[in-house]
Chemist: 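Take a look at the following structure, please.
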Amino acid sequence: MPELPEVETIKEQLSAIIKGLTITDVTIYLEKVIAAPAPADFRRLIRGRKILGVRRRGKFLLFTLGGGYLLVVHLRISGQLVYETEKGQLTRHTHLVFHLDRGRLRLTDLRQFSRVWLLPLTAQSQFKELAELGPEPLSDAFTREYFFAELKQSRRQIKPFLLDQRVVAGIGNIYADEALFAAGIHPARRAGELSTSEGEALFTAVRAVLRQGVAHRGTSIRDYVDATGTQGSHQHFLQVHNRAGKPCPRCGTKIEKIKIGGRGTYFCPYCQPL
DNA sequence: AGCAACGCCTGATAGC
DNA sequence: TGCTATCAGGCGTTGC
């Protein structure tokens with residue numbers, strides 16, 4: 001599931017590989033992955049544009065194109081964006097292929113939930129999906145003061161709170177579980193009822209687990225591969241996520257799996273008491 | 001307004 | 001064994 005560390009890895013790789021290349025054409029195999037504009041307009045508007053830069057915002061990939069256009073990509077759960085030079089057979093579930101003047105970039109997604117948008121740079125401020133995102137957790141915009149204020153005014157459970165992209169951008173199910181374990185906080189605790197020291201621990205933990213994820217080039221549990229088609233390695237370093245029934249690395253207690261806000265949630269009942 | 005539940009999808013896996 | 005039911009999950013939408 002591409003979360004901040006996975007998207008950051010893809011961004012770094014694509015920036016090195018395709019910056020300066022031109023999108024000569026795009027082949028659309030599944031129209032619904034194009035959220036806007038209409039597929040025919042998408043193709044007409046994107047052809048011939050040079051890729052000037054690649055950035056990340058939350059879990060979104062942003063490609064700045066020549067002529068003042070922005071290509072936005074969200075991989076949701078099982079989306080993959082892979083650069084390849086061989087013109088061989090396309091992988092199953094390939095929905096979009098950007099043909100470049102050297103190689104091609106393909107969007108593959110088993111679940112078909114990925115979405116792409118093409119918009120004029122001038123319309124970026126009205127683009128809701130990006131405008132409503134909270135601060136980047138690894139930037140200076142994410143401050144203790146901000147995080148504490150948000151915690152205080154929320155009565156939600158802490159896990160759904162962390163997953164809310166309006167609070168902070170880029171955290172998904174894996175890193176939410178890992179951050180709560182690192183901070184020693186039960187995922188069902190109410191955000192507004194955390195103590196100052198717990199809030200402090202969580203602030204630190206969120207940043208730490210995301211940095212570790214980036215350092216390991218992401219977590220490959222099911223579908224994730226980076227822009228070269230390679231798996232990440234952070235799955236080998238997970239403390240609780242996807243480890244139900246296994247011993248807690250800190251105390252040895254069996255890790256439990258429960259559902260919170262409809263999501264599979266892993267935690268240590270001893271280290272993260274209610 | 002704020003929050004919880006559902007639907008979108010396919011393939012793997014659990015259960016009978 | 002072979003079938004069906006359930007689960008996985010980000011996020012927009014729906015409903016309370």
Side-chain angles (χ1 to χ4, degrees), chain A residues 1-11 29-36 56-62 72-81 90-96 107-117 119 126-134 136-137 149-180 187-193 206 210 213 218-225 231-232 234-235 238 240-245 255-267:
Chain A
M1 308 93 237
E3 306 179 27
L4 186 151
E6 290 74 29
V7 182
E8 177 68 17
T9 302
I10 294 169
K11 183 263 291 182
Y29 297 96
L30 186 68
E31 295 199 334
K32 70 174 177 185
V33 304
I34 300 173
R56 180 192 59 75
R57 179 77 175 94
K59 303 175 194 171
F60 290 86
L61 277 165
L62 311 176
V72 181
V73 177
H74 196 303
L75 298 173
R76 296 280 167 89
I77 297 166
S78 52
Q80 304 176 341
L81 200 56
L90 285 169
T91 310
R92 219 157 115 73
H93 307 299
T94 294
H95 308 314
L96 225 48
L107 176 76
T108 301
D109 186 352
L110 168 71
R111 286 177 188 74
Q112 309 183 0
F113 292 168
S114 293
R115 291 295 179 266
V116 304
W117 298 258
L119 58 142
Q126 295 119 57
F127 187 61
K128 265 191 159 184
E129 283 80 354
L130 288 178
E132 293 179 356
L133 289 178
E136 282 294 322
E150 289 290 314
L151 279 173
K152 274 269 151 53
Q153 71 182 61
S154 172
R155 285 177 308 173
R156 307 166 73 181
Q157 293 175 310
I158 190 63
K159 178 154 179 193
F161 174 89
L162 286 178
L163 292 175
D164 187 342
Q165 302 299 298
R166 293 169 301 185
V167 173
V168 51
I171 301 174
N173 206 34
I174 297 171
Y175 296 96
D177 283 354
E178 293 297 303
L180 288 168
R189 294 276 306 282
R190 300 282 159 182
E193 291 168 8
V206 161
L210 292 174
T219 304
S220 295
I221 292 176
R222 274 188 104 98
D223 305 297
Y224 170 70
V225 294
Q231 297 202 333
H234 194 61
Q235 63 277 14
L238 295 176
V240 289
H241 187 85
N242 206 34
R243 300 192 69 242
I255 290 160
E256 288 184 12
K257 185 186 183 189
I258 57 174
K259 257 206 179 1
I260 295 200
R263 328 298 279 278
T265 300
Y266 302 83
F267 72 107

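Just the heavy atoms: all of them, side chains too, but no hydrogens, waters or symmetry mates, feed the values below. Convention: sequence-line order gives letters A, B, ...; per-chain numbering from 1.
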Chemist: For C/dT1, give its Watson-Crick or G-U wobble partner with both distances under 3.5 Å, or none.
Modeler: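 Paired with C/dT1, as far as the under-3.5 Å criterion goes, is no nucleotide at all.
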Chemist: Using atom CD of A/E132 as one end and atom C1' of B/dA1 as the other, report the distance to the nearest whole Å.
Modeler: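 Result: 14 Å.
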Chemist: Tell me: OH of A/Y224 to P of C/dG10, nearest whole Å?
Modeler: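 Computing the A/Y224:OH to C/dG10:P distance gives 15 Å.
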Chemist: Can A/N242 and A/T219 be said to form a side chain to side chain contact (heavy atoms under 4.5 Å, CB included), step by step?
Modeler: CA-CA 11 Å; A/N242 206 34; A/T219 304; over 6 Å; no
Chemist: How long is the line joining CZ of A/F113 and P of B/dG7, in whole Å?
Modeler: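 Checked: the CZ to P distance equals 12 Å.
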Chemist: Would you say that A/F127 contacts A/V72 through its side chain, given a criterion of any heavy-atom pair below 4.5 Å between the two side chains?
Modeler: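 Answer yes - side chains close enough.
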Chemist: Nearest whole Å is fine: how far is B/dG2 P from A/E150 CD?
Modeler: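 These atoms are roughly 11 Å apart.
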Chemist: State whether A/R57 and A/E136 are salt-bridged, where the test is any N-O pair (Lys NZ or Arg NE/NH1/NH2 against Asp/Glu carboxylate O) under 4.0 Å.
Modeler: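 Judged by the 4.0 Å cut-off on N to carboxylate O distance, A/R57 and A/E136 do form a salt bridge.
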Chemist: Is the closest side-chain heavy-atom distance between A/V33 and A/Q112 below 4.5 Å?
Modeler: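 When only atoms from C-beta onward are counted, A/Q112 and A/V33 do not touch, as no gap falls below 4.5 Å.
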Chemist: Grab the CD-P distance between A/E3 and C/dG10 for me, whole Å please.
Modeler: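 After rounding, the gap between these two atoms is 6 Å.
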Chemist: Mind checking who B/dA1 pairs with, Watson-Crick or G-U wobble, both distances under 3.5 Å?
Modeler: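 Base-paired to nothing in any strand shown.
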Chemist: Let's see if you can work this out: which of C/dG10, B/dC3, B/dG11 has an atom nearest to the side-chain heavy atoms of A/R156?
Modeler: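 Nearest listed nucleotide: B/dC3.
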Chemist: Quick one: A/H95 NE2 to B/dC8 C1', roughly how many Å, whole number?
Modeler: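 A/H95 atom NE2 is separated from B/dC8 atom C1' by 13 Å.
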Chemist: In whole Å, I'd like the distance from the CD1 atom of A/I221 to the P atom of C/dC7.
Modeler: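 That distance rounds to 18 Å.
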Chemist: With a 4.0 Å limit, can you tell me whether A/H93 has a side-chain N or O closer than that to the phosphate oxygens OP1/OP2 of B/dC9?
Modeler: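 So the side chain of A/H93 is outside the cut-off, no N or O lying under 4.0 Å from OP1 or OP2 of B/dC9.
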Chemist: Could you write nucleotides 11-16 of chain C as a row of B, S and -, 5' to 3', where a protein heavy atom under 4.0 Å of any base atom gives B, of only sugar-phosphate atoms gives S, and otherwise -?
Modeler: SS----
Chemist: Which sits closer to the 5' end of DNA chain B, A/R222 or A/Q153, going by the nucleotide each is nearest to?
Modeler: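 Looking at the nearest nucleotide for each, A/Q153 comes out on the 5' side.
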Chemist: Under a 3.5 Å cutoff, is there a donor and acceptor pairing between the side chains of A/E3 and A/Y224?
Modeler: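 Judged by distance alone, the side chains do not pair up.
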Chemist: To the side chain of A/N173, which of B/dT10, B/dA4, C/dG10 is closest?
Modeler: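 Taking heavy atoms from C-beta onward, the closest nucleotide is C/dG10.
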Chemist: Any side-chain heavy atom of A/I77 sitting closer than 4.5 Å to one from A/L110?
Modeler: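 No, every pair of side-chain atoms sits at 4.5 Å or beyond.
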Chemist: With heavy atoms under 4.0 Å as the rule, sort A/G264 into base, sugar-phosphate or nothing.
Modeler: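 Sugar-phosphate contact only.
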Chemist: Using side chain to side chain donor-acceptor pair (under 3.5 Å) as the criterion, point out the one residue from A/R263, A/H241, A/K159 that pairs with A/N173.
Modeler: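 That would be A/K159; it is the only one of A/R263, A/H241, A/K159 passing the side chain to side chain donor-acceptor pair (under 3.5 Å) with A/N173.
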Chemist: Could you check whether A/R92 gets within reach of a base, just the sugar-phosphate, or nothing at all, counting any heavy atom under 4.0 Å?
Modeler: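 Sugar-phosphate, no base atom in range.
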Chemist: Identify whether any heavy atom of A/K128 sits under 4.0 Å from a base atom; if not, whether one sits that close to sugar-phosphate; answer base, sugar-phosphate or nothing.
Modeler: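 Result for A/K128 = nothing.
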Chemist: Return the value, rounded to whole Å, for the distance between atom CG of A/D223 and atom P of B/dA12.
Modeler: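 Result: 10 Å.
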